[in-house]
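Report on the structure given below.
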Amino acid sequence: MTTLKLLFCLLFISVLQNTLYSQALIRAFEENKEIKLKGNETHTYELQLKNGEFLELQLLQKNINFQILVLSPQKDTLAGFNNNNQKNGLESIEFLGKESGAYTFQVIPFVSKSLKGTDRQEFIKKINGSYRVEKFTIFSKKEYKKLLVFRKKQKDSVISWIKDKSITLKSVKAETGLEDLSYLKPILKDVQIVGLGETSHGTKEIFQMKHRMLEFLVKEVGFNIFAIEASHIGCRPINDYVLHGKGTSRTALSAQEFWVWNTEEVIDMIEWMRKYNTSVNDDKKIKFVGIDTQIVALDLAYKNISGFIKKTNFNELHDIQVDSVFQGLKTNRDRTDISLQRKQLYTLFSYLIVNETRLVRNTSNQEYAKTIRDLKKIIQGVESNDRKFQKKVDFDIRDEYMAQTTLEVLHKEKLGSKMVLWAHNGHISKNSGAYINGYLKSLGSVLKRDLGDAYYAVGFSTYKGSFQARNYSPKEKKYGKAESFKISPAEVESLDWYFNQSKKDIFFLNFNPSPNSNAVQTFLNTKHKTNSAGANWTFEYSYSPTRRVEPGKSYDGMIFIKETSAATLTPGGQKEIEKRLRENR
């Protein structure tokens, strides 16, 4: 064979291999087929669409967050989708073909632009998940027009239901009268825990409305415990203030060391609780408890446990230098791996449990029980904040512990006690299939599992305005001051947009019993975008923070507040921010 022929054959084989290789990369959408996606892989799909045809596509993500790019037949980028923005859950796509031809759909792992250099490389290395096609439907041009007509009727039915069934509320402020809330009395009379959510950890009007709901539930429905998503140990001084007038509301609120609650709106609520408690008998007084598991605001627990061990003079306990362990937890800002401290605490806990009789003899049943309770909360806080440990479980351990603490507090009180629970929308959600911080089993879902209808979850929704959060710079990887962030008017067909069509500024909407309308049931059990922020956001993003929620599966009812503003930090809250800035956290 001549050299020229040999070169021609090699070239032909190379072209053939490249063609076959390219063809192997082109995929077809197949329902219910699990597909692995690792590293920086790009999965390419090709789909023939005619002018006017409409695609509905749903991909279920598992342990991966990806984006989907749509390219025209000419390979121009037409659209990008990353609606879910979580590692688990459905990514929904709706796309209308405006010309006939082969469209390309690329499934690409989402990697933040803020990640650079080795951080970016390490992030990509760890990407290892899968997805499957849950729904794949193509509508013809004629079918699509019918679909639009059907959707318009559905939409009108939902809006009409919201207008008719929502109860207008006159104000978000407490002590303005309770007549407009009176219709809730028969709905909540047999409820033990009412969960009150929020769209952010810094929204003034939502904080005020929760204060007003507390007033109503205490005065009209007999609730006697207030619980909040804050340190269980750190909230003890607040309880001492509202029950006994010990200290001041401001020093007590600062003791829980979480700046988001250190606002004037929360001070107003605490002062109202104190004022109310001075006007009623002991059996009517409201208690204030924290139900979160943190590794901050634990000084009271550290002091109690250390003092208990010294008092018992129990030699084996001195093998663990508890003061050193506690000091390490207080000063360690790296939570990547705190397994050593966790193991030391386990050892201490086992000593206390095994030697109960001897320890009680040297102290008292009360002192021993309090020490065990405090140590459990410290260990739970460590487990909840140990990132290495968290990766070993497939549920949200923090929410599980919050639920455990909530139920412990409720069961410890007198028979018939009722609790108002303040936490984020994501935490109070009763939906066992929804993800919170990338994990299943939210606080509310555990309470719903254990209490059934005795748990009632109230979500919050807002259409526009602003909220307070700390500014985070993805480029510098630094948290800044607390700032006011704008909420753009909710996009069309989002949950907040639907509620705004009621033309009411504030309302309460009860979802129970389930509506007879198929359109409304579909609406309540379908995921919709809603405004949702935590304690941090960034000015580097041009959009408002949102999440997707199935309202009927997540909540028993919702409160809508059309326009909100940022909460107001107290001087103590400002000091907490300054402290965190000094410590670079």
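Numbers here simply count residues along the sequence, with the first being 1. All values below were derived from every heavy atom in this structure, side-chain atoms included, with hydrogens, water molecules and symmetry-related copies excluded.
Closest approach of Ser442 to Gly426, counting heavy atoms only: CB-O, 3.6 Å. Shown here for Pro474 and Tyr541, the closest heavy-atom pair between the two residues is CG-OH, 4.1 Å. The two residues Asn128 and Asn63 make their nearest non-hydrogen contact at O-ND2, 3.2 Å. The nearest pair of heavy atoms linking Thr293 to Met402 is N-CG, 4.4 Å. Lys418 and Asn224 make their closest contact through N-OD1, 2.9 Å (heavy atoms, listed as atom of the first residue, atom of the second, distance). Across all non-hydrogen atoms, the minimal contact from Ser92 to Phe81 is O-CD2, 4.3 Å.
With sequence neighbours excluded, the residues satisfying side-chain hydrogen bond (donor to acceptor under 3.5 Å, both in side chains) with Thr530 are Asp496. Residues forming a side-chain hydrogen bond (donor to acceptor under 3.5 Å, both in side chains) with Lys553 (at least two apart in sequence, or on another chain): Glu550. By the side-chain hydrogen bond (donor to acceptor under 3.5 Å, both in side chains) test, Glu220 pairs with Lys185, sequence neighbours left out. Every residue was checked against the ring pair (Phe, Tyr, Trp, His ring centres under 6.0 Å) condition with His427, not counting sequence neighbours, and none meets it. Lys170 pairs by the side-chain hydrogen bond (donor to acceptor under 3.5 Å, both in side chains) definition with nothing, not counting sequence neighbours.
Under a 3.5 Å cut-off, the side chain of Ser160 and the backbone N or O of Asp156 do not form any donor-acceptor pair. Here the side chain of Gln61 pairs a donor or acceptor atom with the backbone of Phe66 at under 3.5 angstrom. Panel note: side chain Arg212, backbone Val172; no donor-acceptor pair is recorded below 3.5 Å. For Gln58 (side chain) and Glu91 (main-chain N/O), no donor-acceptor pair under 3.5 Å exists by modelled atom type.
How far NZ of Lys50 is from CD1 of Ile138: 10.5 Å, rounded to the nearest 0.5 Å. One finds the CG atom of Leu451 at 7.0 Å from the CG atom of Leu410 (value rounded to the nearest 0.5 Å). The distance from atom CG of Leu569 to atom CG of Asn262, rounded to the nearest 0.5 Å, is 7.0 Å. Phe95 contributes atom CZ, which lies 14.0 Å from atom CD of Glu56 (distance to the nearest 0.5 angstrom). For the atom pair CD1 of Ile487 and OG1 of Thr199, the computed distance is 5.5 Å after rounding to the nearest 0.5 Å. Once rounded to the nearest 0.5 Å, the distance linking CG of Leu217 with CG of Leu184 reads 8.0 Å.
The aromatic ring centres of Phe216 and Phe223 sit 6.0 Å or more apart. Separation of the Trp497 and His528 ring centroids does not fall under the 6.0 Å cut-off. Aromatic rings from Tyr45 and Tyr103 are positioned such that their centres are separated by 6.0 Å or more. For Tyr144 and Phe54, the ring centers are positioned less than 6.0 Å apart.
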*May I have the step-by-step check of salt bridge (Lys or Arg N to Asp or Glu O under 4.0 Å) for Arg27 and Glu41, ending in yes or no?*
CA-CA 13 Å; Arg27 301 165 183 261; Glu41 292 178 355; 5.7 Å; no

*What's the verdict on ring pair (Phe, Tyr, Trp, His ring centres under 6.0 Å) for Tyr463 and Phe499, showing C-alpha distance, side-chain angles and the deciding distance?*
CA-CA 8 Å; Tyr463 178 70; Phe499 286 163; over 10 Å; no

*For side-chain contact (heavy atoms from CB on, under 4.5 Å), just list the numbers for Lys165 and Leu509, CA-CA rounded to whole Å, side-chain angles, deciding distance to a tenth of an Å, and then say yes or no.*
CA-CA 7 Å; Lys165 297 299 181 181; Leu509 181 58; 3.8 Å; yes

*In sequence, state the C-alpha distance, the side-chain angles, and the governing distance for Ser166 and Lys504, and then conclude on side-chain hydrogen bond (donor to acceptor under 3.5 Å, both in side chains).*
CA-CA 9 Å; Ser166 60; Lys504 300 177 182 181; 2.8 Å; yes

*Begin with the C-alpha distance, continue with both residues' side-chain angles, and end with the deciding distance and a verdict on side-chain contact (heavy atoms from CB on, under 4.5 Å) for Lys87 and Ile64.*
CA-CA 4 Å; Lys87 280 190 172 185; Ile64 191 166; 5.9 Å; no

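Inter-residue side-chain proximity for Tyr555 and Asn431 is flagged as unmet; no heavy-atom pair is nearer than 4.5 Å. Side-chain atoms of Leu90 and Tyr131, non-hydrogen and from C-beta on, never get closer than 4.5 Å to each other. Using a 4.5 Å heavy-atom threshold, the side chains of Val149 and Lys153 count as touching. Side-chain contact between Ile124 and Arg120 is present, with heavy atoms from C-beta onward closer than 4.5 Å. Considering only heavy atoms from C-beta on, Leu447 comes within 4.5 Å of Thr406 through its side chain. Between Met209 and Leu169 the shortest side-chain heavy-atom distance falls below 4.5 Å. With a 4.5 Å cut-off on side-chain heavy atoms, Lys562 and Ile506 do not count as touching. Inter-residue side-chain proximity for Leu59 and Val107 is flagged as met; some heavy-atom pair is nearer than 4.5 Å.
Ring geometry for Tyr479 versus Tyr472: interplanar angle of 30 to 60°, hence tilted. Between Tyr456 and Phe508, the ring planes are parallel. Angles under 30° get that label, and only those over 60° would be called perpendicular.
With respect to the salt-bridge test (charged N to carboxylate O, under 4.0 angstrom), the residues Lys448 and Asp556 qualify. One finds no salt bridge joining Asp453 and Lys430 here, because no Lys/Arg side-chain nitrogen approaches an Asp/Glu carboxylate oxygen to under 4.0 Å. Ion pair Lys141/Glu53 not flagged as a salt bridge, since none of the NZ, NE, NH1 or NH2 atoms sits closer than 4.0 Å to an Asp/Glu carboxylate oxygen. Here Arg398 does not pair with Glu400 in a salt bridge; the nearest charged N to carboxylate O distance is not below 4.0 Å. Salt-bridge formation is not detected for the pair Lys486/Glu563: no Lys NZ or Arg NE/NH1/NH2 atom is positioned less than 4.0 Å from an Asp or Glu carboxylate oxygen. Using a 4.0 Å cut-off between a side-chain N of Lys or Arg and a carboxylate O of Asp or Glu, Lys529 and Glu491 qualify as a salt bridge. No salt bridge links Lys210 with Glu205; every basic N to acidic carboxylate O contact stays at or beyond 4.0 Å.
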Would you tabulate the side-chain donor-acceptor contacts of residues 28-38 under 3.5 Å, counting partners in other chains and residues two or more places apart, or write 'none'?
{"unit_1": "Glu31", "atom_1": "OE2", "unit_2": "Phe136", "atom_2": "N", "d": "2.9"}
{"unit_1": "Glu34", "atom_1": "OE2", "unit_2": "Ser130", "atom_2": "OG", "d": "2.6"}

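Residue Phe539 qualifies as enclosed at atom CZ: its count of foreign heavy atoms under 6.0 Å is above 12. Counting heavy-atom neighbours within 6.0 Å of Asn516 CG, excluding the residue itself, gives a total of 12 or less. Around NZ of Lys142, the count of heavy atoms belonging to other residues, nucleotides or ligands within 6.0 Å does not exceed 12.
Side-chain N/O atoms of Glu198 and Thr203 include no donor and acceptor closer than 3.5 Å. A donor-acceptor pair shorter than 3.5 Å cannot be found between the side chains of Thr546 and Ser532.
The ring-ring contact (aromatic ring centres under 6.0 Å, His included) test with Phe207 singles out one residue from Phe460, Phe467, Trp422, and that residue is Trp422.
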